[in-house]
Amino acid sequence: MYDIAVLGGGPAGLAAAVSARVRSKTVAVISNAMTENGLYRSKLVPNYPGVPDISGSALLEAMHAQAEKLGAGFVEKRLLSAVYGNGQWYLGAEDEMIEARALILAGGVVRSERFAGEEKFLGRGVSYCATCDGMFFREKHVVVYGETAAAEREANYLREIGCIVVYLSRRDGKGALADTIPFLRMRTLEVCGEETVQRVLVDGETIQCDGVFLLRPSVAPVDLLPGLALEEGHIAVNRAMETNLPGVYAAGDCTGKPYQIAKAVGEGQVAALSAVAWLDQRKDG
Amino acid sequence: MASANVKQVQGAEFANFLGENRLVMVDFWANWCGYCHALSPVIEQLAEEYAGKLSVGKVDTDSNGAIAGEFNVMGLPTVLLFENGKEVDRLVGAMPKDAFVKMIEKHL
């Protein structure tokens, strides 16, 4: 059980992790690989004070190393569910369950998206996690939708355990995908069937399949936490970075513009200090 | 992963188990499934709170693939609610306790 789970490994999340560790709280940072962060691809960060000629990757690596050195735990997995019970959060990160008392949402800007048929067939052929549900689809036809190297690896895993895989992406290039897996660029996807999934429509073309793995890089906070208040499409927070849910804080791009590193870092620190104060108060009470 | 109010159901027992009560709830799980372990205490609480009105069982999908297949369980955890032996509702994935309460209350 961690004191604080930080959802997102960008500047806001890493700043929050650093501040929480300085205050001796246990911290888990749940995020995609650092290389998937938009900042990582930035050649030059011209406006972060103190480091005038630094690249995005160097800055992110330095922040990550600092948080790690201070003792933050890192879980490089996609967070798929957040359930509150018995005074704590149960966070489903693919096949791992992480328990934490407080949450800091720092996952950047993530649009809420659902494909047609997705909800109807969830658990009846639609899955969000290859390592969790792959075994139900051995020797069967599945399509995998993904945008990241992690998703490509999950598709390879499905192939290895005996699924017949087609990979769909909006991104160019096969990346780490095995040569034996057909790759299709797509724009729209619809899941169809009767009791269970029978086919998908990819840009209107039919592909017969028994399973559909939707491996989005991130789940929108509002889909993870029903009841989370938004303001003009961003997570609503006050100056203490509190959301409307007790023990849940937010920082960085997910709270609104400007989408800048300095703003994200500042908010990350405030969110962590607020979470620390909330945890300490609960302990006393 | 069973308690006084939650019965571990195996293979051929399943059909009889569905006849144990008007309302029967079955949690499909596997030992390697992290969500399933997190859900377990919730299922046990529900079994205790609705004792008498609702029979609650668990099916290990690793050793009972045929039962999972019969009910189109293709993801874990999946919780099915049966009324008079027929599936009337299901919840897929890790869900808060409220979601289960709502589902059960609808059929009480």
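Keep in mind that this is a model prediction, so the values were computed, not measured.
- Between Met74(B) and the choices Val197(A), Leu122(A), Thr196(A), the side chain to side chain contact (heavy atoms under 4.5 Å, CB included) rule is met once, by Thr196(A).
- Neither the backbone nor the side chain of Ser127(A) comes within contact range of chain B; no heavy atom of the residue lies under 4.5 Å from a heavy atom of that chain.
- The 12-atom threshold is not exceeded at CD of Glu48(B), counting heavy atoms of other residues, nucleotides or ligands nearer than 6.0 Å.
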- Query: Does the side-chain contact (heavy atoms from CB on, under 4.5 Å) test come out yes or no for Tyr35(B) and Leu80(A), once each step is laid out?
  - Reply: CA-CA 10 Å; Tyr35(B) 297 158; Leu80(A) 298 172; 3.2 Å; yes

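- Between Arg90(B) and Glu195(A), none of the side-chain N atoms (NZ, or NE/NH1/NH2) sits under 4.0 Å from a carboxylate O, so this pair counts as no salt bridge.
- Residues of residues 96-108 of chain B lying under 4.5 angstrom from chain A, judged on non-hydrogen atoms, are Pro96(B) in numerical order.
- Neither the backbone nor the side chain of Tyr128(A) comes within less than 4.5 Å of any heavy atom of chain B.
- Between the CZ atom of Arg124(A) and the OG1 atom of Thr78(B) there is a distance of 9.0 Å, given to the nearest 0.5 Å.
- A distance of 7.5 Å separates SG in Cys33(B) from CE in Met97(A), rounded to the nearest 0.5 Å.
- The greatest number of non-hydrogen atom pairs below 4.5 Å with chain B, out of Cys132(A), Cys129(A), Ala82(A), is found for Cys132(A).
- Between Leu76(B) and Phe136(A) there is a side-chain heavy-atom pair separated by less than 4.5 Å.
- With a threshold of 4.5 angstrom between heavy atoms, Glu94(A) approaches chain B through N, CA, C or O but not through any side-chain atom.
- The shortest distance between side-chain heavy atoms of Tyr90(A) and Leu39(B) does not fall below 4.5 Å.
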